[in-house]
Amino acid sequence: MQKAGSGTVVSLATSSAHGFSKATTDRLMLLEGLGVEGDAHCGVTVKHRSRVAADPSQPNLRQVHLIAQELLAELAGKGFDVPPGGLGENILTSGIDLLALPRDTVLHLGPEAQVQITGLRNPCAQIESYRSGLLQEVVSKSDQGSIIRRAGIMGVVLAGGEVRTGDAVGVYHPPAPHVPLDRV
C-alpha cells in the first residue's frame, strides 16, 4: 500500500434502526469484520433490507458508509440543506475525493481503525422522499451514457478502533493496476 493523501473526519453518525438518516455523535467504535458498533448495518452478512430479502447469506460489503463534506457543500449551493448524517453516512470526511479512490483503497481513521473501500453507494428512491430533486443531483449519466453515482462510498472494517470527529484520515492505495469503484 502506498500513501496517496490525507483528510479529516468532519462528522460521525450511527443508528441502531433501519432508516434513511443517522444521528450524529462525536465518536464511533469500528469493529473488525463487522462495521460500526450498534449500527443497523453492522454484521458479517448483508443488513440492507432489500439485499437481505434477495439473499441473507451475502457478505456485507457495506459495513461503513462514507460521504465527502464537499458533496454536502455543493448540494447546499444548489438549495439542498443536508446536515451531517442526513444521507445515512457513518463518516463524513473532508479533503479526500472519495469517489475517485480505487477499489481496495484503505483508509486509516484515527489511531487504529482501518476501512477497506469496496465500492460506490447505489442511491435509492428514498433520497427523493428525503429531499425532492436530490436523487438527480447524486445520480446522473455521463456523455457516454454510463451512470455516475455520487452518494458516497462503502467499505468493510479491516482493523477496529475508535474514530472521533477531527481525526486524521490517511489514504493508502492498493498496488496497481487500480480498479475503479463500481456500485456495491
Side-chain angles (χ1 to χ4, degrees), residues 4-15 18-22 24 35-36 39-41 46-55 58-107 109 115-156 169 171-174 176-184:
S6 62
T8 305
V9 173
V10 174
S11 181
L12 301 165
T14 186
S15 176
H18 285 280
F20 189 72
S21 298
K22 296 181 185 284
T24 58
V36 177
D39 192 84
H41 292 96
V46 293
K47 301 301 176 199
H48 193 275
R49 289 181 279 187
S50 66
R51 292 170 188 253
V52 168
D55 178 2
Q58 295 176 72
N60 187 2
L61 302 178
R62 300 165 53 103
Q63 295 174 358
V64 181
H65 177 201
L66 300 100
I67 288 183
Q69 168 64 33
E70 292 80 358
L71 174 64
L72 298 189
E74 177 188 328
L75 294 173
K78 294 179 177 183
F80 294 97
D81 176 29
V82 180
L87 294 178
E89 78 277 3
N90 299 112
I91 302 172
L92 185 66
T93 66
S94 70
I96 304 168
D97 185 355
L98 296 175
L99 302 175
L101 297 175
R103 190 176 70 208
D104 296 328
T105 294
V106 176
L107 302 178
L109 301 142
V115 173
Q116 183 176 26
I117 304 309
T118 56
L120 297 169
R121 175 187 184 191
N122 189 30
C124 65
Q126 284 183 318
I127 288 178
E128 248 343 84
S129 299
Y130 177 70
R131 299 280 192 277
S132 181
L134 190 56
L135 184 59
Q136 71 183 17
E137 296 296 330
V138 296
V139 179
S140 60
K141 285 196 176 183
S142 71
D143 293 339
Q144 296 76 29
S146 61
I147 297 174
I148 300 170
R149 295 171 179 86
R150 302 183 330 128
I153 63 174
M154 309 304 287
V156 296
V169 181
V171 179
Y172 294 84
H173 284 175
H178 294 156
V179 177
L181 296 178
D182 198 2
R183 72 183 177 120
V184 64

Checklist entry - Are any non-hydrogen side-chain atoms of Arg183 and Ile147 less than 4.5 angstrom apart? => result no
Next on the checklist: So, taking the atom named NZ in Lys47 and the one named CD in Gln63, what distance separates them when rounded to the nearest 0.5 Å?
Outcome noted: 10.0 Å
Checklist entry - Side chains of Asp104 and Ile117: closer than 4.5 Å at any heavy-atom pair? => result no
Checklist entry - What is the distance from atom CD1 of Ile148 to atom OG of Ser142, rounded to the nearest 0.5 Å? => result 5.0 Å
Item to check | Rounded distance [0.5 Å steps], CG in Leu92 versus NE2 in His65 | outcome: 10.0 Å
Checklist entry - Could you give the distance from CG (Leu101) to CD1 (Ile153), rounded to the nearest 0.5 Å? => result 5.0 Å
Next on the checklist: Going by the rule side chain to side chain contact (heavy atoms under 4.5 Å, CB included), which residues pair with Thr118 if we only count those two or more places apart in sequence or in a different chain?
Outcome noted: Leu61, Met154, Val156, Val184
Checklist entry - Distance from Leu107 atom CG to Ser6 atom OG, nearest 0.5 Å? => result 11.5 Å
Checklist entry - How long is the span from the CG atom in Leu87 to the CG atom in Leu72, to the nearest 0.5 Å? => result 6.0 Å
Checklist entry - Quick one: which of Ile67, Leu181, Leu120 gives a side chain to side chain contact (heavy atoms under 4.5 Å, CB included) with Leu99? => result Leu120
Next on the checklist: So which atom in Arg51 and which in Gln58 form the shortest heavy-atom distance, rounded to 0.1 Å?
Outcome noted: O-NE2, 3.1 Å
Checklist entry - Between Leu71 and Leu98, is a side-chain contact (heavy atoms from CB on, under 4.5 Å) present by the stated rule, with each step listed? => result CA-CA 10 Å; Leu71 174 64; Leu98 296 175; over 6 Å; no
Item to check | Non-hydrogen atoms of Ser15 and Lys22 that approach each other most closely | outcome: CB-CG, 4.0 Å
Next on the checklist: Tell me whether the rings of Phe20 and Tyr130 are parallel (<30°), tilted (30 to 60°) or perpendicular (>60°).
Outcome noted: tilted
Item to check | Derivation of the side-chain contact (heavy atoms from CB on, under 4.5 Å) call for Leu12 and Ile91 | outcome: CA-CA 5 Å; Leu12 301 165; Ile91 302 172; 3.8 Å; yes
Checklist entry - Sequence neighbours excluded, which residues qualify as side-chain hydrogen bond (donor to acceptor under 3.5 Å, both in side chains) partners of His173? => result none
Item to check | Ring-ring centroid check His18 His48, cutoff 6.0 Å | outcome: no
Item to check | Closest non-hydrogen atom pair between Thr24 and Ser11, with its separation | outcome: CG2-OG, 3.7 Å
Checklist entry - Any donor and acceptor pair, going by atom type alone, linking the side chain of Arg149 with main-chain N or O of Pro123 inside 3.5 Å? => result no
Checklist entry - Where is the tightest heavy-atom contact between Leu109 and Val9, given as atom of each residue plus distance? => result CD2-CG2, 4.0 Å
Checklist entry - For the side chain of Arg62 and the backbone of Val46, is there at least one donor-acceptor N/O pair under 3.5 Å apart? => result no
Checklist outcome for this item: Closest non-hydrogen atoms of Leu135 and Glu128, given as atom of the first, atom of the second and distance, are N-OE1, 2.9 Å
Item to check | Side-chain heavy-atom pair Leu134, Val82 within 4.5 angstrom cut-off | outcome: yes
Checklist entry - Any idea which heavy atoms bring Glu89 and Pro83 closest together, and the distance? => result OE2-O, 4.4 Å
Item to check | Asn60 side-chain N/O to His41 backbone N/O, donor-acceptor pair under 3.5 Å | outcome: yes
Next on the checklist: Between Gln69 and Val10 (side chain of the first, backbone of the second, donor and acceptor by atom type, cut-off under 3.5 Å), is there such a pair?
Outcome noted: no
